[in-house]
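Please read the structure below before turning to the comments.
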Amino acid sequence: MQRHLLAINAGSSSIKFQLFRADGSGPDARLERRLVGQLDGIGSHPRLVIRDGAAAMLVDRGFATGEVASVEAAQEIVADWLSASATPLDAIGHRVVHGGADFTGPVPIDTAILARIAALTPLAPLHQPKNLAPIHSWVRRRPDLPQVASFDTAFHRSHGALADRFAIPEALYAEGVRRYGFHGLSYEFIAGRLREAAPSLASGRVIVAHLGNGCSLCALKDGRSIDSSMSFTALDGVAMGTRPGSLDPGVVLYLMREKGMDAARLERFLYHECGLKGMSGISNDLRVLEKSDDPQARLALDFFVHRIGKELGALTAVLGGLDALVFTAGIGENAADIRARIVAMSAWAGLAIDPAKNAARRMDISAPEAKARTLVLPTDEERMIARHMLAVLGG
Ligand code: AMP
């Protein structure tokens, strides 16, 4: 059986998508990538790039800011291109940031599911509406096609009671104030890659560092998530491009009382004005900061590394030791110097890397004397969505 599966990953300023041809059904089906594209820079410098499965460029087009001012507008441009190019489609899968406490895996989308996803918007007010936009658009355009929701929180539902809680009254936990954890599609993909590439490590104690625009760490034991640095929202944990990571909640009280910030202003501040960008005053892009000799850029990078090293220590304690660290996502896969600095800070955990292997971005960059391995594994959230589609849609 052959089917064409479109996986859509709509974020705050981009839509990424991949089209796969699935041969066969179930977990053993072969997924061949036929298209990979993204429309990024939404609201600033929009650009649509689409390549075929062999990475040959099909589209490379810039837009005026106003032409693609929202994710909704970006979705229509991508969908129009897919229609105009007569791209075959048999099903569509979507990354959905928040699945709350109840969604423990991917689900086929119907009206009732759509209402439940929309009801979780207060838990992810900036992200959930952007994930819903392409779903609504495709329901309108192609009501005949099955659609599937893949949740970023679902992989972490294996957390025990302690990893799932804050020290607040239980009534708030019951109504959903929990440590959900995010980047679940990436972590599930990496757990699968580890089973293929390093089966003995896959059954051990592993920390995965997903370092991209958003950054988090996940503790895997026997391939299952047991704790993560992100929690109720994607603000918690380590510092990110524009988010601060963990803050004393007293800072938020101070900003409200002394700076007169209301919820909307605080939201903008915490999601868009902090992290590497806020600390450096220069950029949220690690590449820009690495090239700068401004002392604030250096401070921001030092803090970024320090905070990840500290989180790695905490998760190693939760795991009761460490067999491997895996780097993934834009920074984790590409920034060799950041990898080296995090590993240097974590030498106490038995990590050590070989500089030449690190520079060449080999899969295993560990030094021969290392007691715990360090790996670099590219993530592929869209392929994970496609696998979820196969699992949910069956034969
Ligand atoms: P992602 O969210 O996984 O797409 O990661 C995006 C981030 O990865 C960007 O904001 C950059 O800071 C970082 N990044 C991408 N390529 C590189 C590179 N070659 N060196 C350092 N950082 C990079």
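Start at 1 and go down the list; that is how both ligands and their atoms are numbered. Quantities reported herein were computed from a predicted structural model and do not represent experimental measurements.
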For the 3.5 Å polar cut-off, considering only N or O atoms, please tell me whether [X] and ligand 1 meet it.
{"X": "D285", "answer": "yes"}
{"X": "L286", "answer": "yes"}
{"X": "N213", "answer": "yes"}
{"X": "L211", "answer": "no"}

Quiz prompt | Sub-6.0 Å ring centroid separation between F151 and F103 | solution = yes

What residue and atom, counting heavy atoms only, is the protein's closest point to [atom], and at what distance?
{"atom": "atom 19 (N) of ligand 1", "result": "N334 CB, 3.3 Å"}
{"atom": "atom 4 (O) of ligand 1", "result": "K16 NZ, 3.8 Å"}
{"atom": "atom 9 (C) of ligand 1", "result": "R287 NH2, 3.9 Å"}
{"atom": "atom 14 (N) of ligand 1", "result": "G330 O, 3.7 Å"}

Practice problem: Pick out which of R193, K16, R95, R33 makes a salt bridge (Lys or Arg N to Asp or Glu O under 4.0 Å) with D380. | Solution: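 Passing option: R33.
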
For [X], atoms of ligand 1 separated by under 4.0 Å from a heavy atom:
{"X": "A335", "value": "21 (C)"}
{"X": "I331", "value": "8 (O), 12 (O), 13 (C)"}
{"X": "G212", "value": "1 (P), 2 (O), 3 (O), 5 (O)"}

Quiz item: Should we count CZ of R224 as having more than 12 external heavy atoms under 6.0 Å?
Solution: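 It does not: R224 CZ has 12 such atoms or fewer within range.
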
Is it true that [Y] and [X] share a donor-acceptor pair across their side chains at a distance under 3.5 Å?
{"X": "D222", "Y": "S203", "answer": "no"}
{"X": "S229", "Y": "E311", "answer": "no"}
{"X": "Y173", "Y": "D164", "answer": "yes"}

Quiz prompt | Interatomic distance, L31 atom CG to L5 atom CG [nearest 0.5 angstrom] | solution =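 Those atoms lie 6.5 Å apart.
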
Quiz item: Would a 4.5 Å heavy-atom cut-off, applied to side chains only, mark D227 and L162 as touching?
Solution: no

